[in-house]
Amino acid sequence: MTVVNIIEEAETLNAKLAPLSLAERLSFVAGLDVRVVFTTSLGIEDQVITAEIGNHRLPIDVVTLQTGRLFPETLALIDETESQYDIHITRYEPDQADIAAYAAKYGMNGFYESVEARHACCGVRKLKPLARALAGATIWITGLRRGQSANRAETPFAEYDAERHLLKINPLADWDIETIKSYVADNSVPVNPLHARGYPSIGCEPCTRAIKPGEPERAGRWWWEQDEKRECGLHVGEEATAVAAR
């Protein structure tokens, strides 16, 4: 399939998914007879998607990036989630040789010293494991929402990820945080206790802080950097071609 074909397919999927409920969006994608992978960070959005996958027994592979620097609360939530929904969450870890090479060049916590070093750390602990997690997949499901940050304000339901040459599906693109919280409360979804302590967006422990009143949801991620568009590289690429929501 050519790039043009995939972009056209993303455009078609975007239109089909827009009027559907979350359960319908996930069921539709799960029924496409291709390998579908959902990457969860165990954040509140991702927990909603996991609940729908587990409750409806959808044939979607659920995976997480066990970076080696996650909060203890996040690690405990992986086990709790597996137990509640009777699913297996596959852990993808960084290669220890890559960790050693990073530490030799930058220091284990060198990510505080420069954007280059921080991107290199994300590359080792997130991007390389993600590549292994998505190997053989045609569709990648994420918990991206338009309300998470200004950088994500145009998030479509379906887009072509040019860097990984696959379709990315964002079934919660149009959900706001209050809708997310209502779903969690109504369906007894287990969530990270750090959310209640001021952490709306949770990543690696050294790189995440609680946000202050009035700050955007992702202000606590890589909080020492000044670039408001800061991302780890999982969902932002210069070549990515997004299909605007219609």
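These figures come from a predicted structure and were not determined experimentally.
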Novice: Is the side chain of Asp95 donor-acceptor paired with the backbone N or O of Ala97 at a distance under 3.5 Å, no angle test?
Specialist: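 Answer holds: yes.
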Novice: In terms of the angle between their ring planes, are Tyr112 and Trp224 parallel, tilted or perpendicular, with boundaries placed at 30° and 60°?
Specialist: perpendicular
Novice: Using only atom types and a distance under 3.5 Å, with no angle test, would you say the side chain of Ser188 pairs donor to acceptor with the backbone of Val184?
Specialist: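 No, Ser188 side chain to Val184 backbone: no donor-acceptor pair under 3.5 Å.
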Novice: Looking at Lys181 and Asp186, is any side-chain nitrogen of the basic one under 4.0 Å from a carboxylate oxygen of the acidic one?
Specialist: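 Lys181 and Asp186: not salt-bridged.
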Novice: Within the 3.5 Å criterion, strictly below it, is a donor on Glu24 or Ser21 matched to an acceptor on the partner's side chain?
Specialist: yes
Novice: Do you see a donor-acceptor pair shorter than 3.5 Å between the side chains of Arg35 and Thr138?
Specialist: no
Novice: Cluster question for you: counting only ILVMFWY and a side-chain heavy-atom cut-off of under 4.5 Å, with indirect links fine, are Ile177 and Ile202 together?
Specialist: no
Novice: Do Val36 and Asp61 come close enough that some side-chain heavy atom pair is under 4.5 Å?
Specialist: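 They are not in side-chain contact.
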Novice: Examine distances only and state if a side-chain atom of Gln47 and a backbone atom of Pro190 form a donor-acceptor pair shorter than 3.5 Å.
Specialist: yes
Novice: So does Gly203 get a backbone contact from the side chain of Thr208, meaning a donor-acceptor N/O pair under 3.5 Å?
Specialist: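 Flag set: sc Thr208 to bb Gly203 pair under 3.5 Å.
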Novice: Given Arg221 and Arg218, is the side chain to side chain contact (heavy atoms under 4.5 Å, CB included) satisfied, shown in steps?
Specialist: CA-CA 6 Å; Arg221 303 295 294 276; Arg218 289 178 59 80; 3.5 Å; yes
Novice: Would you mind checking if Glu225 and Arg118 are paired as a salt bridge, meaning a charged N to carboxylate O distance below 4.0 Å?
Specialist: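 Yes.
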Novice: Answer yes or no: is there an ion pair linking Asp98 with Lys128, defined by an N-O contact shorter than 4.0 Å?
Specialist: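 Salt bridge between Asp98 and Lys128, a charged N being under 4.0 Å from a carboxylate O: yes.
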Novice: Should Val34 and Ile60 be regarded as members of a common hydrophobic cluster, given that ILVMFWY residues are connected when their side-chain heavy atoms come within less than 4.5 Å of each other, either directly or indirectly?
Specialist: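 In one cluster: yes.
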Novice: To the closest 0.5 Å, what do you measure between CD1 (Ile7) and CG (Leu167)?
Specialist: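 Rounded to the nearest 0.5 Å, the CD1-CG separation comes to 10.0 Å.
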Novice: Please confirm whether the backbone N or O of Leu65 pairs with a side-chain atom of Glu93, one donor and one acceptor, at under 3.5 Å?
Specialist: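 A pair under 3.5 Å: no.
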Novice: Keeping Arg25 on the side-chain end and Leu20 on the backbone end, is there a donor-acceptor pair under 3.5 Å?
Specialist: yes
Novice: Evaluate Thr64 against Leu42 for side chain to side chain contact (heavy atoms under 4.5 Å, CB included), listing each step before the verdict.
Specialist: CA-CA 8 Å; Thr64 193; Leu42 285 296; 3.6 Å; yes
Novice: So does Ser41 get a backbone contact from the side chain of Asp46, meaning a donor-acceptor N/O pair under 3.5 Å?
Specialist: yes
Novice: Tell me, do Arg164 and Leu134 make a side-chain contact under 4.5 Å, heavy atoms counted?
Specialist: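 Arg164 reaches Leu134 side chain to side chain.
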Novice: Between Leu194 and Ile211, is there shared hydrophobic-cluster membership here, with clusters defined by ILVMFWY side-chain heavy atoms closer than 4.5 Å?
Specialist: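 No; tracing contacts between hydrophobic side chains, which count when under 4.5 Å, never links both residues.
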Novice: Quick check: does any side chain N or O of Ser201 sit under 3.5 Å from a backbone N or O of Glu217, one acting as donor and the other as acceptor?
Specialist: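 Here the side-chain-to-backbone pair does not exist.
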Novice: Do side-chain atoms of Thr179 reach the backbone of Trp175 as a donor and acceptor pair under 3.5 angstrom?
Specialist: no
Novice: Where the side chain of Thr67 meets the backbone of Arg69, is there a donor-acceptor pair that is under 3.5 Å apart?
Specialist: yes
Novice: Do Val48 and Val62 belong together in a cluster built from hydrophobic side chains that touch within less than 4.5 Å?
Specialist: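 Yes; Val62 is reachable from Val48 via cluster members.
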Novice: Could you check if a side-chain atom of Leu144 sits within less than 4.5 angstrom of a side-chain atom of Leu172, using non-hydrogen atoms only?
Specialist: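 Leu144 does not reach Leu172 side chain to side chain.
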Novice: By the ring-ring contact (aromatic ring centres under 6.0 Å, His included) test, which pairs, at least two apart or in different chains, include something from residues 38-96?
Specialist: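 Output for this query lists Phe71-Tyr199.
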Novice: Please test Leu13 against Phe157 for side chain to side chain contact (heavy atoms under 4.5 Å, CB included), starting from the C-alpha separation and ending with a verdict.
Specialist: CA-CA 8 Å; Leu13 266 176; Phe157 298 109; over 6 Å; no
Novice: Would you call Asp174 and Arg146 a salt bridge, using N to O less than 4.0 angstrom?
Specialist: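 No, Asp174 and Arg146 are not salt-bridged.
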Novice: Apply the test side-chain hydrogen bond (donor to acceptor under 3.5 Å, both in side chains) to residues Thr155 and Asn170: give CA-CA distance (whole Å), side-chain angles for both, the deciding distance (0.1 Å), then the verdict.
Specialist: CA-CA 8 Å; Thr155 298; Asn170 310 305; 5.5 Å; no
Novice: List in chain and number order the residues that pass salt bridge (charged side-chain N to carboxylate O under 4.0 Å, His left out) with Arg125, two or more places apart in sequence or in another chain; answer none if no residue qualifies.
Specialist: none
Novice: Would you check if there is a donor-acceptor pair between the side chains of Asn14 and Glu159 at a distance under 3.5 Å?
Specialist: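 Short answer, no.
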Novice: Below 4.5 Å, heavy atoms only, C-beta onward: do Asp176 and Ile180 meet side chain to side chain?
Specialist: no
Novice: Looking at Arg57 and Glu52, is any side-chain nitrogen of the basic one under 4.0 Å from a carboxylate oxygen of the acidic one?
Specialist: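 Salt bridge between Glu52 and Arg57, a charged N being under 4.0 Å from a carboxylate O: no.
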Novice: Show the atom names and distances, to 0.1 Å, of all donor-acceptor pairs under 3.5 Å that link a side chain in residues 73-80 to residues at least two apart or in another chain.
Specialist:
unit_1, atom_1, unit_2, atom_2, d
Glu73, OE2, Arg197, NH1, 3.1
Thr74, OG1, Asn192, ND2, 3.0
Asp79, OD1, Arg91, NH2, 3.0

Novice: Among side-chain atoms of Tyr160 and Glu9, is any donor-acceptor pair under 3.5 angstrom?
Specialist: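 Tyr160 vs Glu9: no donor-acceptor pair found between side chains.
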Novice: Quick check: do Cys121 and Tyr102 have side-chain heavy atoms less than 4.5 Å from each other?
Specialist: yes
